[in-house]
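Every number for a ligand or one of its atoms is a count from 1 in the order of the listing.
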Amino acid sequence: MHTRAALAVALTLALGAPPAAAQVTAIRAGRLIDPATGTAAANQIILVEGEKITAIGGNVAIPAGADVIDLSGLSVLPGLVDTHTHQAMTYKEVPENNVYYLTYILDSTPLRAIQAASNTLQLLNSGFTVIRDVGNNALYADVALRMAIEQGWMPGPTIIPSGPMIGSTGGQFWPTPEMYRQHDIMYPEYIDADSPAEIVRAVRQNLLFGAKTIKLCIDCKPWGYSVDDIKLAISEAAKGGAKVEGHCQTPEGVQRSIDAGIWAIAHGAATPEEHAEMAAKGIFLNSTDTPFTPYRGSETAFERTVASLRDAWEKKVRITFSTDFDYWNDRMKKADGEWMSRGELEINFLLTWKAAGIPAPDILKAMTITGYEEADVIKDGRGPIEVGHYADLIAVAGDPLSDIDALRDVRFVMKDGLVFKQNGVMTPAKGFHPGPVKGWRKR
Ligand SMILES: [Zn+2]
């Protein structure tokens, strides 16, 4: 090769070739739903260039050479959010008899990270494009999952990981002295942090290792966290740009979290008075509303859950769709005898929302807009279908504004501008490749 040409090639390699013009995709949407207003616009065209949306409207010209995706028979809407999940956790009746201490012992972090990858693909297939993953993920398998998706090793929802849950002595466990002292059973499932110095160190460790939110066990033990403890965690988390979610299983824990000004409260322990206070302060509720089904739950627990969710909605709390889904048993089958996927199991939480009599547009808002707000992704250009935002969108056959069960049959999924599912079938081929790695510094 001529030396000057060789130099030019070397320079091009060193500096990077000029970026090729990104392929343009034009989506014809029969109806484009705006969950923020509960309205729909007919016959819209959405242009996608690379990862982002570049135009939306009824009269948008489709550029020559664009890939055209015809969704004119479908309703297009932004992707769904589950605000409280544990992707790298599946405890089972066999072999561990639903005792999740045993899951920690039997399933290594690498195995659980691969479980998380599988679960997450199933969730994307059901239309979930943003997931908050809040603890019980072994040694930062949730962070590894986020990095794998962000770097482009696999398609997947945007993950907001918490790293290990931070709790006062014992976390959610009641271990024997041997397991606690000699075998350090707490870590990595929980970080024990009792004193203010330990709380600061635990929050910093999680931020250092890639947590984007902080999860606290507020009242897993009678000694729990005080208002000052929670405030300290909130201010330390804020230094790393993270918000704090509190696991609360008692009204007292809820009250301390409210008084501290926490971002989100998990599970359904709040009283009606506390719901009113949460609404006034704009605190998000992830009430993890387990339905009563042949495979899970009890009728009395379900009645309590439905009443509590209904009350939160009436009080105008910022309610979100949250499942806490992290278990499996062999009764999780559909009428035709097929196993339900993790995505189908999560969507089935609609049973609780419908039993609470919450109107479909409000359920859809909880599953999208309020979820993006809690996950704090709108500032990054993710969530609502808007020009300049990442192209994360799904399509369903029916109208979820009048029949929320339309979400059970997602026909199309696009994430970051890549088609993941078309005509009801996963087609993720373009999401799997050996490189280039998108941002190896991404943590
Ligand atoms: Zn949970």
>> Listing by chain and number, which protein N, O or S atoms are under 2.8 Å from the Zn ion (ligand 1)?
In response: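 Protein N/O/S atoms under 2.8 Å of the Zn ion (ligand 1): His84 NE2, His86 NE2, Asp324 OD1.
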> Are Lys221 and Trp174 in a cation-pi contact, defined as NZ or CZ under 6.0 Å from the six-membered ring centre and within 45° of the axis?
Replying inline: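 Geometry flag: set, cation within 6.0 Å and 45°.
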> Out of Val134, Val81, Thr83, Thr85, which one pairs with Ser322 under the side-chain contact (heavy atoms from CB on, under 4.5 Å) rule?
Replying inline: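 By the side-chain contact (heavy atoms from CB on, under 4.5 Å) criterion, Ser322 pairs with just one of Val134, Val81, Thr83, Thr85: Thr83.
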> With a 4.0 Å cut-off, would you call Asp376 and Lys212 a salt bridge?
Replying inline: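 Looking at Lys212 together with Asp376, the answer is no, because their closest N to O distance does not fall below 4.0 Å.
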>> Please tell me whether Asp259 and Gln255 have a donor and an acceptor in their side chains that are separated by less than 3.5 angstrom.
In response: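 On atom types as modelled, these side chains qualify, holding a pair under 3.5 Å.
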>> Are Leu216 and Glu245 packed together at the side-chain level, in the sense that at least one heavy-atom pair is separated by less than 4.5 angstrom?
In response: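 A side-chain contact is absent here, since even the closest heavy-atom pair is not under 4.5 Å.
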> Below 4.5 Å, heavy atoms only, C-beta onward: do Ile369 and Pro384 meet side chain to side chain?
Replying inline: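 Result yes, sub-4.5 Å side-chain heavy-atom pair found.
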